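First up is the structure itself, then whatever we jot down about it.
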Amino acid sequence: MNKKQLGRRLIQILVVLFGISFFTFGLTYLSPGDPAEIMLTECGNVPTPELLEQTRAELGLDKPFLIQYGTWLKGVLTGDMGTSYSMKVPVVEKLTSCFWPTLKLALFSLIIMLAVSIPLGILSAVYQNRWPDYLVRGLTFMGVSIPSFWVGLILLSIFGVTLRWVTVSGGSTDFKSLILPAVTLAFSMSAKYTRQVRIAVLEELRQDYVTGARMRGIRESTILWKHVLPNSMLPLVTLLGISLGSLLGGTAVVEIIYNWPGLGSMAVKAISCRDYPLVQGYVLWIALLYMGINLLVDLSYNRLDPRLKEER
């Protein structure tokens with residue numbers, strides 16, 4: 001990707017972010033409920049008409065929609081996304097504090113998933129249509145079919161209630177509390193990625209260069225690890241980027257089950273409390289993460305596969 005293409009992509013990202021911010025702000029503006037009344041109620045005040053009018057004026061809610069959006073967008077461009085109605089803290093500060101637990105959970109679950117899916121996918125491809133292949137395919141079928149929330153509840157029941165190895169209440173972000181949520185997320189992802197690795201390895205094993213290498217007497221293990229595996233991993237880079245973006249967005253169900261203080265559980269609480277500034281900031285934050293990761297994946301293609309480089 002040359003400088004011109006990179007510049008075009010950055011402009012596209014800015015346009016998409018502008019559209020998402022406008023659409024999100026519009027939905028929250030049209031949603032039922034008075035933010036001023038919600039804010040006063042959360043503070044324990046009686047929302048009298050005079051106090052409501054004063055609070056709306058302080059928040060700028062008495063102004064037209066475009067003026068409200070322009071004021072909010074100006075604040076976003078300067079790093080100010082407003083203040084949370086329910087938590088009384090700046091939105092940026094709340095998003096940042098919840099991002100690090102989610103990042104820790106996402107990376108650890110991806111590591112577990114890769115450690116499981118890559119060996120199983122290779123094993124299934126190498127022993128195609130034999131008992132290891134049938135066993136791995138059966139396990140992946142079960143993994144795809146079982147929902148994450150059910151896995152989370154079962155693991156919490158076994159290791160939290162029966163064995164008491166972890167606290168059921170959660171709320172902590174230490175390594176001991178990290179294991180079960182990460183395993184829960186990695187469980188379903190491992191099943192999907194094992195299938196993808198199997199398909200990618202099988203496609204590479206059918207290529208002509210593999211046949212030529214075998215005819216030259218190169219060992220099967222050398223062909224597999226030095227040629228087939230690196231080439232088969234390229235299609236998985238995009239899937240990994242998408243999975244990382246989804247995990248960084250916060251897996252609400254798993255985070256709520258384990259009371260993990262991440263972005264997913266924060267977003268659910270913000271929606272239930274009609275905390276509009278926090279919801280708007282969260283949506284914009286996730287959109288930026290998704291597009292940033294997608295851009296990094298595209299940039300990594302040129303280094304992973306030199307054939308994709310354009311002649312300059």
Side-chain angles (χ1 to χ4, degrees), residues 3-43 47 51-100 102-103 241-242 244-246 248-250 252 262-296 298-299:
K3 294 182 179 180
K4 184 177 180 181
Q5 291 175 323
L6 180 60
R8 190 183 303 118
R9 285 293 302 274
L10 292 176
I11 293 175
Q12 290 175 353
I13 289 175
L14 291 177
V15 173
V16 172
L17 286 176
F18 175 78
I20 291 175
S21 66
F22 185 83
F23 184 71
T24 305
F25 195 91
L27 287 179
T28 55
Y29 179 82
L30 295 174
S31 61
D34 187 353
E37 184 177 355
I38 296 171
M39 183 176 180
L40 291 173
T41 304
E42 290 290 337
C43 294
L51 188 57
L52 281 174
E53 184 177 355
Q54 179 183 352
T55 305
R56 292 191 189 102
E58 293 175 353
L59 297 176
L61 300 176
D62 56 340
K63 298 178 182 178
F65 167 74
L66 291 178
I67 296 179
Q68 291 186 38
Y69 174 71
T71 303
W72 177 79
L73 183 61
K74 181 180 178 181
V76 170
L77 294 176
T78 58
D80 181 14
M81 292 185 176
T83 302
S84 169
Y85 292 160
S86 59
M87 303 177 188
K88 305 300 182 296
V89 296
V91 172
V92 174
E93 179 181 334
K94 185 62 181 177
L95 290 175
T96 304
S97 63
C98 292
F99 173 73
W100 296 115
T102 298
L103 178 62
I242 295 174
L244 180 60
S246 300
L248 291 180
L263 288 173
S265 57
M266 181 214 69
V268 172
K269 294 176 183 177
I271 293 172
S272 62
C273 295
R274 295 180 182 176
D275 195 336
Y276 298 139
L278 194 54
V279 173
Q280 293 163 1
Y282 169 78
V283 173
L284 192 62
W285 179 277
I286 298 308
L288 182 60
L289 284 176
Y290 261 105
M291 288 182 287
I293 293 173
N294 189 28
L295 179 61
L296 291 177
D298 290 342
L299 291 174

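Given the structure is predicted, the values throughout are model-derived calculations rather than measurements.
Separation of atoms CG (Leu284) and CE (Met81) is listed at 4.5 Å; rounding is to 0.5 Å. Residue Tyr282 holds its OH atom at 7.5 Å from CD1 of Ile271, rounded to the nearest 0.5 Å. The distance from atom CG of Leu73 to atom CG of Leu66, rounded to the nearest 0.5 Å, is 11.5 Å. With rounding to the nearest 0.5 Å, the separation of CG in Leu244 from CG in Asn294 is 11.5 Å.
For Phe18, the ring-ring contact (aromatic ring centres under 6.0 Å, His included) criterion is met by no residue, not counting sequence neighbours. Among residues two or more places apart in sequence or in another chain, the ring-ring contact (aromatic ring centres under 6.0 Å, His included) test is passed with Phe99 by Trp285. For Phe22, the ring-ring contact (aromatic ring centres under 6.0 Å, His included) partners at least two apart in sequence or on another chain are Phe65, Tyr69.
Side-chain atoms of Met266 and Cys98, non-hydrogen and from C-beta on, do get closer than 4.5 Å to each other. Counting heavy atoms from C-beta on, the side chains of Pro277 and Trp72 never come closer than 4.5 Å. Under the 4.5 Å side-chain criterion, counting only non-hydrogen atoms from C-beta, Asp80 is not in contact with Val92.
The shortest non-hydrogen separation linking Leu278 to Ala270 is CD2-CB, 3.7 Å. For Val89 against Lys94, the heavy-atom pair with the smallest separation is CG2-CB, 4.0 Å. Between Val268 and Ala252, the shortest heavy-atom distance links the atoms CG2-CB, 3.7 Å.
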